[in-house]
Amino acid sequence: MKVFITGGTGFLGAALTEGLLGEGHSVTILSRSSQKGPLRMGLAYCAGNPTKSGPWQEEVSRHDVVINLAGASIFRPWNDKNKKAIRNSRILTTRNLVDAIGQAPENITLLSGSAVGYYGFRDDEALDENSPPGHDFLADVVEAWETEAKRAEQFGVRVVLCRIGVILGRDGGALSKMLSVFKWGLGSPLGSGNQWFSWISLHDLVTIFLFLLENKALSGPVNCTSPHPVTNREMTKALGKILHRPTILPPVPGFLIKGVLGEFSDVFVKGQKVLPGKLLQNGFVFTFPEIEAALAHLI
């Protein structure tokens, strides 16, 4: 298949590109930069800013699949400027992609990146794809983001909303930020430590996208998380064990994190227990369903 990717040079996008090429697919990466990556068989680049309409949209119609991974990082202070960037980078990109898909002569599959932030922070409630959205900043952003993606359905397009958990991989993502703290023996739970951590290994996430590409009966929201979420305290203990570092320090108080990070602190001291119902029902097999085995593989 011919696959068009936004966000193809990012942490997930780069790994997914390797997975697609390894399966014999051809990939076109939309890039704002005029500087291209290395030339490789089956890999091409298209210059353009996905938040703005332009000639790049004509390239979309030449592909069988669009994978939308673009979006500004949420790991920044949530002031008005950054909130606007977080929101617009997702919504405008998706809007422009769907407009381009609507001009394509043939039906295109859209795998649109989304996030478990859709559900908001729900304590110990087990959440599957049928659970309603939350009402905080991230939940509102994700709901609007998905609404833009679902517009493609009016063109007869299969739309899959990939609600992704916290990605654990070797060379980026959340794990790289945690390792430096834990290697110094400073790892400890955050807040109560009881908040849920819905995670997914990068290896399994790439495999999920390949699975969704081939399984055309799947559409709508799909939770891309491990079937075994853990609490923050369990995550802390597992990482300390793998690194052979103590985790005996007292938890970092939630009010202290709130004082330093403001509203953004909710990402760390609150959580959601998200389960991959559709993937399990449709026979997807996880390579790393348990946190300790996933961390051992990565570290």
| task | Using only heavy-atom distances, determine whether the side chains of Ser114 and Trp145 contain a donor-acceptor pair under 3.5 Å. | result | no
| field | Side-chain (Gln195) to main-chain (Gly193) donor-acceptor, under 3.5 angstrom | value | yes
| query | With no hydrogens and no angle check, do the side chains of Gln272 and Ser198 hold a donor and an acceptor under 3.5 Å apart? | reply | no
| Taking every non-hydrogen atom, the tightest pair across Gly120 and Ala139 | N-CB, 4.1 Å
| Apart from Trp56 itself, what residues make up its hydrophobic cluster when side-chain heavy atoms of I, L, V, M, F, W and Y under 4.5 Å apart count as a link, directly or indirectly? | Phe4, Leu30, Val60, Val66, Leu97, Val98, Ile101, Ile108, Leu110, Phe155, Val157, Val159, Leu161
| Taking Asp204 for the side chain and Thr287 for the main chain, is one N or O donor matched with an acceptor at less than 3.5 Å? | yes
| Is atom CD of Gln103 surrounded by more than 12 heavy atoms (other residues, nucleotides or ligands) closer than 6.0 Å? | no
| note | So CG of Leu239 and CD of Glu292: to nearest 0.5 Å the spacing works out to 10.5 Å
| note | Value for CD1 (Ile208) from SG (Cys224), rounded to nearest 0.5 Å, stands at 5.0 Å
| field | Residue pair Thr28 / His63, side-chain donor-acceptor N/O under 3.5 Å | value | yes
| query | Are Asn282 and Asn215 side-chain neighbours, meaning at least one heavy-atom pair lies under 4.5 Å? | reply | no
| query | How far apart are the C-alpha atoms of Asp99 and Arg151, what are their side-chain angles, what is the distance that settles it, and do they pass the salt bridge (Lys or Arg N to Asp or Glu O under 4.0 Å) test? | reply | CA-CA 9 Å; Asp99 288 345; Arg151 281 199 306 120; 3.2 Å; yes
| Rounded distance (nearest 0.5 Å) linking atom NZ of Lys52 with atom OG1 of Thr93 | 11.5 Å
| Looking only at heavy atoms, what is the nearest atom pair of Pro276 and Ser226, with distance? | CD-O, 3.6 Å
| message | Would the distance check show the side chain of Arg233 and the main-chain N or O of Ser192 forming a donor-acceptor pair, the cut-off being under 3.5 Å? | response | yes
| Under a 4.5 Å cut-off applied to non-hydrogen side-chain atoms, are Asp64 and Thr109 in contact? | no
| said: Tell me whether Glu153 is salt-bridged to Lys150, with the criterion being a basic N under 4.0 Å from an acidic carboxylate O. | reply: no
| So do Trp78 and Leu138 actually touch side chain to side chain, heavy atoms under 4.5 Å? | yes
| message | Is it the case that the side chain of Arg32 and the backbone of Ala47 share a donor-acceptor pair, with hydrogens and angles ignored and the cut-off at 3.5 Å? | response | no
| field | Carboxylate-amine/guanidinium proximity below 4.0 Å for Lys273 and Asp123 | value | no
| message | Between Glu234 and Ile291, is the side-chain contact (heavy atoms from CB on, under 4.5 Å) condition met? List the steps. | response | CA-CA 9 Å; Glu234 290 168 338; Ile291 190 68; over 6 Å; no
| field | Under 3.5 Å: donor-acceptor pair, side chain of Arg170, backbone of His297 | value | yes
| said: Give me the atom names and distance for the closest heavy-atom approach of Ser53 to Asn96. | reply: N-ND2, 3.7 Å
| Audit row: Leu43, Ile29, side-chain contact (heavy atoms from CB on, under 4.5 Å) steps and yes/no | CA-CA 8 Å; Leu43 178 61; Ile29 295 175; 3.9 Å; yes
| note | Here the gap from Glu23 atom CD to Leu20 atom CG, rounded to the nearest 0.5 Å, amounts to 8.5 Å
| Do the side chain of Asp128 and the main chain of Gly277 share a donor and acceptor less than 3.5 angstrom apart? | no
| note | All heavy atoms of Pro132 vs all of Tyr119, minimum pair found to be O-CD2, 3.9 Å
| Counting N and O atoms only, with roles assigned by atom type, does the side chain of His25 sit under 3.5 Å from a partner on the main chain of Met1, one being a donor and the other an acceptor? | yes
| field | Inter- and intrachain pairs under side-chain hydrogen bond (donor to acceptor under 3.5 Å, both in side chains), touching residues 5-22, at least two apart | value | Thr6-Asn68, Glu18-Arg40
| What's the shortest heavy-atom distance between Leu202 and Gly169, and which atoms? | CB-CA, 4.0 Å
| task | Please report the closest heavy-atom contact between Pro227 and Leu275, naming both atoms and the distance. | result | O-CD2, 3.9 Å
| Under 3.5 Å donor-acceptor, Asn223 side chain and Thr225 backbone | no
| said: Would you compute the distance between atom CG of Leu16 and atom CG of Leu69 and round it to the nearest 0.5 angstrom? | reply: 6.5 Å
| task | Please determine, by modelled atom types, if Asn49 and Thr51 share a side-chain donor-acceptor pair under 3.5 angstrom. | result | yes
| task | Please answer: with hydrophobic residues joined when any side-chain heavy atoms are less than 4.5 Å apart, are Phe211 and Val27 in the same cluster? | result | yes
| field | Stepwise side-chain contact (heavy atoms from CB on, under 4.5 Å) test for Phe209 and Ile164 | value | CA-CA 11 Å; Phe209 271 89; Ile164 301 170; 4.2 Å; yes
| task | Could you walk me through whether Arg122 and Leu127 pass the side-chain contact (heavy atoms from CB on, under 4.5 Å) test, one step at a time? | result | CA-CA 9 Å; Arg122 309 278 280 273; Leu127 304 165; 3.9 Å; yes
| message | Among residues at least two apart in sequence or on other chains, which ones pass ring-ring contact (aromatic ring centres under 6.0 Å, His included) with Phe11? | response | none
| Is the shortest distance from a Lys or Arg side-chain nitrogen in Glu59 or Arg62 to a carboxylate oxygen in the other one below 4.0 Å? | yes
| Quick check, are the ring centers of Phe284 and Phe286 under 6.0 angstrom apart? | yes
| said: Strictly distance-based, threshold 3.5 Å: is any side-chain N or O of Ser89 a donor or acceptor partner for the main-chain N or O of Ala72? | reply: yes
| query | Has the side chain of Trp196 got a donor or acceptor atom that lies under 3.5 Å from a matching backbone atom of Phe121? | reply | no
| message | Salt bridge or not between Arg95 and Glu148? Use side-chain N to carboxylate O under 4.0 Å. | response | yes
| message | Heavy-atom count check: over 12 atoms from other residues, nucleotides or ligands less than 6.0 Å from Lys237 NZ? | response | no
| Less than 4.5 Å apart, any side-chain heavy atom of Phe137 and any of Ile86? | yes
